[in-house]
Amino acid sequence: MGDKFQLIHDVSPGTTGWTVKVVVAEKFSPRVAQRSPTKYQNLTLMDSEGSTVQATLYGQNITAFQDELLLGKTYLISNALVKETNAEYKAKSGEIQWTISGRTRIRRVEENNSNLLISTYSFTDFEDLPKYMDSNVDISVIGMIIDIKPRRIIQTRFGKECQVQDLVLVNKRFDTVLLTMWETFVDNECKGHTNSEIIDNMISEKHYLTSTPSKLSSKLSVPTAEKDFTEIKNIQGLKTVKQFFWIKGKASVKVLNQTYWYMSCNNCNKISSENYGDIYPCVFCKCTDAKAIPRAKVYMQLTDPTGYINATAIGNPAEYFLQSNAEILMNQTLIPTAASMRLSMDEDEIFYVKAITQELSPECKFEILFIVNPSQIAGDKNKGKAPVEHIGNRFDGEIPSSLLGLNFLESLQLQENNLARFNTGI
DNA sequence: CCCCCCCC
């Protein structure tokens with residue numbers, strides 16, 4: 001491994017413009033967090049000097065990067081989120097951890113660094129294993145799996161049931177040992193890799209399935225009667241029963257110093273680590289010729305006479321609210337002023353809002369799916385049945401992308417909401 | 001659909 005790149009210990013929280021060449025030294029199975037539904041996966045990355053750092057992937061990034069960061073392979077990594085591990089979790093604070101996300105740039109390097117990797121381990125010979133019986137010492141062995149026994153349930157001496165599974169390891173001298181996997185290691189490490197399982201995984205992870213916009217959503221009507229709007233006080237600060245609702249009120253930016261855009265994949269809108277205009281293979285949608293383009297986003301406050309909520313808008317509704325576009329927002333270097341974009345509304349507008357309930361928090365997050373100016377529907381002959389073509393900042397009859405973005409489930413939800421309204425006569 | 005963060 002060359003030395004024109006930084007080393008792991010050169011990178012601290014706040015360091016910018018770094019690139020470190022690393023080998024994936026360990027890759028643990030994804031796990032579900034104890035106190036939240038979040039999935040996480042830890043990796044150990046090693047630089048040319050054998051220093052290591054823990055890298056973590058969360059949620060959807062786990063599957064996105066599963067073929068990107070392979071055990072034993074070498075990568076150039078830049079722009080990972082670098083932070084000190086939470087002192088609450090680690091006895092000694094100050095330890096560094098990297099978070100790998102869509103922002104992180106990862107480039108495969110065709111280099112074989114397995115010797116480096118192996119050199120950092122000290123393997124215990126099979127014949128020396130008896131020395132460590134009944135001690136709590138961590139040791140490493142190297143061998144090949146030649147047999148996987150059926151899993152079995154055992155009782156510990158405290159009466160607890162545990163699932164275990166035995167693997168047979170063989171070394172170069174053809175000595176064998178039995179390695180027992182316990183509990184989650186049975187599920188995670190003992191999987192046979194038959195074709196059918198791989199296919200099952202692909203189906204359950206739906207890498208290649210993208211949602212198709214439903215015709216339903218294009219028939220969604222903007223309500224005009226006051227009773228069709230949700231009062232903010234009824235959703236403020238708690239989980240809501242409904243997932244989608246209409247609010248009539250005003251939006252304004254309260255946190256001026258925020259990033260009003262992110263670099264995205266032109267195919268799936270997910271975050272990209274590439275430069276504007278570059279063509280690249282997207283790890284999320286697997287599109288091989290994705291283009292990196294800016295996408296607007298804004299974090300704002302939504303108020304009506306009864307209260308306020310914080311909400312995010314992305315893409316079209318963000319551009320419409322800010323009266324700007326993603327490219328301008330990207331090139332804007334100063335903290336914006338009312339002259340450079342719209343920061344608050346003078347008059348009430350209509351918002352279609354999605355509530356995202358958070359498993360552990362009593363509060364939910366809100367996202368604005370689209371915004372309608374009431375004047376756009378006021379003169380409409382079909383008042384109360386305004387088609388969504390009127391929504392957003394495009395009036396050429398094109399359905400705005402913010403609405404096309406609704407996936408099938410959301411469309412179903414919309415249909416249910418509308419049906420509910422129909423059934424109750426409101 | 002998209003952003004943010006997230007775990008021991």
Side-chain angles (χ1 to χ4, degrees), chain A residues 28-44 54-62 64 80-93 95 97-104 184 206-214 217 243-244 255 257-273 282-285 287 290 292-300 310-319 322 326 329-330 354 356 358-361 363-370 399-414:
Chain A
F28 298 94
S29 297
R31 307 192 59 161
V32 177
Q34 294 277 295
R35 281 173 291 172
S36 85
T38 317
K39 260 190 164 183
Y40 68 95
Q41 179 175 33
N42 285 330
L43 310 179
T44 305
Q54 181 194 286
T56 309
L57 292 147
Y58 293 100
Q60 61 196 357
N61 293 326
I62 295 172
L81 174 69
V82 179
K83 55 180 187 182
E84 289 186 8
T85 44
N86 193 333
E88 190 188 320
Y89 301 128
K90 269 273 185 280
K92 50 174 182 184
S93 57
E95 208 163 297
Q97 175 194 20
W98 294 4
T99 302
I100 310 271
S101 72
R103 284 181 192 289
T104 310
T184 56
K206 296 190 223 32
H207 259 172
Y208 302 96
L209 302 180
T210 52
S211 58
T212 312
S214 157
S217 44
Q243 207 187 343
F244 295 90
V255 182
N257 192 6
Q258 59 175 294
T259 314
Y260 293 88
W261 67 284
Y262 68 94
M263 196 62 81
S264 70
C265 164
N266 71 328
N267 189 48
C268 70
N269 293 338
K270 300 260 322 161
I271 193 162
S272 167
S273 64
C282 174
V283 290
F284 295 103
C285 64
C287 175
I293 56 167
R295 189 161 166 81
K297 72 162 180 176
V298 58
Y299 184 64
M300 58 174 130
N310 292 317
T312 307
I314 296 172
N316 230 36
E319 293 192 349
L322 296 171
L329 295 167
M330 173 178 72
K354 178 183 177 184
I356 302 144
Q358 300 164 285
E359 211 87 4
L360 281 185
S361 159
E363 300 194 18
C364 37
K365 289 183 176 178
F366 297 100
E367 185 170 327
I368 292 162
L369 299 185
F370 53 82
I399 297 174
S401 62
S402 59
L403 192 56
L404 283 174
L406 296 183
N407 66 27
F408 179 64
L409 278 179
E410 288 171 345
S411 306
L412 277 184
Q413 184 67 43
L414 283 180

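The figures that follow rest on heavy atoms only: side chains count, while hydrogens, waters and symmetry mates do not. Reminder, nothing fancy here: chain letters follow the sequence lines and each chain counts from 1.
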> Between Leu81(A) (CG) and dC5(B) (P), how many Å, whole number?
Replying inline: 6 Å
> If you look at every strand shown and take non-hydrogen atoms under 4.0 Å, does Gln34(A) touch a base, only sugar-phosphate, or nothing?
Replying inline: sugar-phosphate
> Could you state the CD-C1' distance from Gln243(A) to dC1(B), rounded to the nearest angstrom?
Replying inline: 13 Å
> From the list dC6(B), dC3(B), dC8(B), which nucleotide is the closest neighbour of the side chain of Tyr40(A)?
Replying inline: dC8(B)
>> How many whole angstroms separate atom CD1 of Ile271(A) from atom P of dC5(B)?
In response: 9 Å
>> Any non-hydrogen side-chain atom of Asn316(A) less than 4.5 Å from a side-chain atom of Phe370(A)?
In response: no
>> In whole Å, I'd like the distance from the CD atom of Gln54(A) to the P atom of dC8(B).
In response: 12 Å
>> Whole angstroms only, please: what is the CH2-P distance between Trp261(A) and dC4(B)?
In response: 12 Å
> Do Leu43(A) and Leu57(A) have side chains that get closer than 4.5 Å, going by heavy atoms?
Replying inline: yes
> Within the side chain of Thr38(A), is there an N or O that forms a donor-acceptor pair under 3.5 Å with the backbone of Ala33(A)?
Replying inline: no
> Is the backbone of Val298(A) close enough, under 3.5 Å, to the side chain of Gln258(A) for a donor and an acceptor to pair up by distance?
Replying inline: no
>> Expressed as a whole number of angstroms, how long is the span from Tyr262(A):OH to dC3(B):P?
In response: 5 Å
> Would you say a side-chain N or O of Arg103(A) is under 4.0 Å from OP1 or OP2 of dC3(B)?
Replying inline: no
> Atom CD of Gln258(A) and atom P of dC5(B): how far apart are they, to the nearest Å?
Replying inline: 13 Å
> If you check every side-chain atom of Leu369(A), which of dC3(B), dC1(B), dC6(B) has the closest atom?
Replying inline: dC1(B)
> Gln60(A) near the nucleic acid: base, sugar-phosphate alone, or nothing, with a heavy-atom cut-off under 4.0 Å?
Replying inline: sugar-phosphate
>> Under 4.0 Å, counting only non-hydrogen atoms across every strand here, what does Thr38(A) touch: a base, just sugar-phosphate, or nothing?
In response: base
> Where each residue is assigned the nucleotide of DNA chain B containing its nearest heavy atom, which of Asn269(A) and Lys365(A) is assigned the position nearer the 5′ end?
Replying inline: Asn269(A)
> From dC8(B), dC6(B), dC3(B), pick the nucleotide closest to the side chain of Asn61(A)?
Replying inline: dC6(B)
>> What is the separation between atom CE on Met330(A) and atom C1' on dC3(B), rounded to the nearest whole Å?
In response: 16 Å
> Looking at residues at least two apart in the chain, or sitting in another chain, which of them share a side-chain contact (heavy atoms from CB on, under 4.5 Å) with Asn42(A)?
Replying inline: Phe28(A), Tyr40(A), Gln54(A), Thr56(A)
